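One structure is given here, and the rest of the page talks about it.
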Amino acid sequence: MKLVLAIVQDQDSNRLSDALTKNNFGATKLATTGGFLKAGNTTFIVGTEDERVDEVLGIIRENCKAREQIMTPSASLGVTVDTYVPYPIEVQVGGATVFVVPVENFHHF
Ligand code: 2BA
């Protein structure tokens, strides 16, 4: 058995949730925050049999789009405030960041 952890953009989360449910995957959604943009994103936890992992990955790929996001870097340590000009930069986010990890035990009481 495997655990698929997929970090996706909030805009894709309902569509992905519907697609997983329609295909009989059990999924849990967590409201999470990206470390770099400090913006909300959604993490899906999907436990599934090894032979269905590729199917989950296909569903994630089909339902999650890459998007450009603008961020304005904030002044950080080591930068003199007088000389610091926070130019906005464009960052490409997603479609999805996915980890597949082995499950040692699964219990459903
Ligand atoms: P964030 O950490 O908010 O990152 C958003 C996007 O910013 C990233 O998109 C990437 O394009 C860019 N980015 C991240 N760190 C950067 C850096 N040090 N310098 C320049 N650009 C940087 P994605 O790669 O698609 O990641 C989307 C979200 O997935 C991330 O949101 C984070 O929540 C999660 N994630 C990505 N890689 C991860 C990892 N290795 N472990 C855990 N979570 C991860």
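By convention here, the first residue in the shown sequence is residue 1. Note that the coordinates shown come from a computational prediction; the quantities given were computed from them, not determined experimentally. In listed order, ligands and their atoms are each counted from 1.
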Is a salt bridge present between [X] and [Y], judged by a nitrogen-to-oxygen distance below 4.0 Å?
| X | Y | value |
| --- | --- | --- |
| E55 | R52 | yes |
| D18 | R15 | no |
| D10 | K29 | no |

Got the closest protein heavy atom to [atom], with its distance?
| atom | value |
| --- | --- |
| atom 7 (O) of ligand 1 | V91 CG1, 3.0 Å |
| atom 38 (C) of ligand 1 | T97 CG2, 4.0 Å |
| atom 34 (C) of ligand 1 | I7 CD1, 3.7 Å |
| atom 31 (O) of ligand 1 | G34 CA, 3.5 Å |
| atom 9 (O) of ligand 1 | Q92 O, 3.4 Å |
| atom 2 (O) of ligand 1 | F36 N, 2.8 Å |
| atom 40 (N) of ligand 1 | F99 CZ, 4.0 Å |
| atom 25 (O) of ligand 1 | G94 N, 2.7 Å |

How far does [atom1] of [X] sit from [atom2] of [Y], to the nearest 0.5 angstrom?
| X | Y | atom1 | atom2 | result |
| --- | --- | --- | --- | --- |
| T33 | I7 | OG1 | CD1 | 11.0 Å |
| D50 | M1 | CG | CE | 9.0 Å |
| S13 | N63 | OG | CG | 11.0 Å |
| S17 | I59 | OG | CD1 | 11.5 Å |

Tell me the nearest of V98, N41, L37, L5 to atom 5 (C) of ligand 1, using heavy-atom distances.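 Answer by nearest heavy atom: L37.
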
Less than 4.0 Å is my threshold; does some heavy atom of G35 fall inside it relative to ligand 1?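 In this structure, G35 qualifies as a contact of ligand 1 - some heavy atom is under 4.0 Å.
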
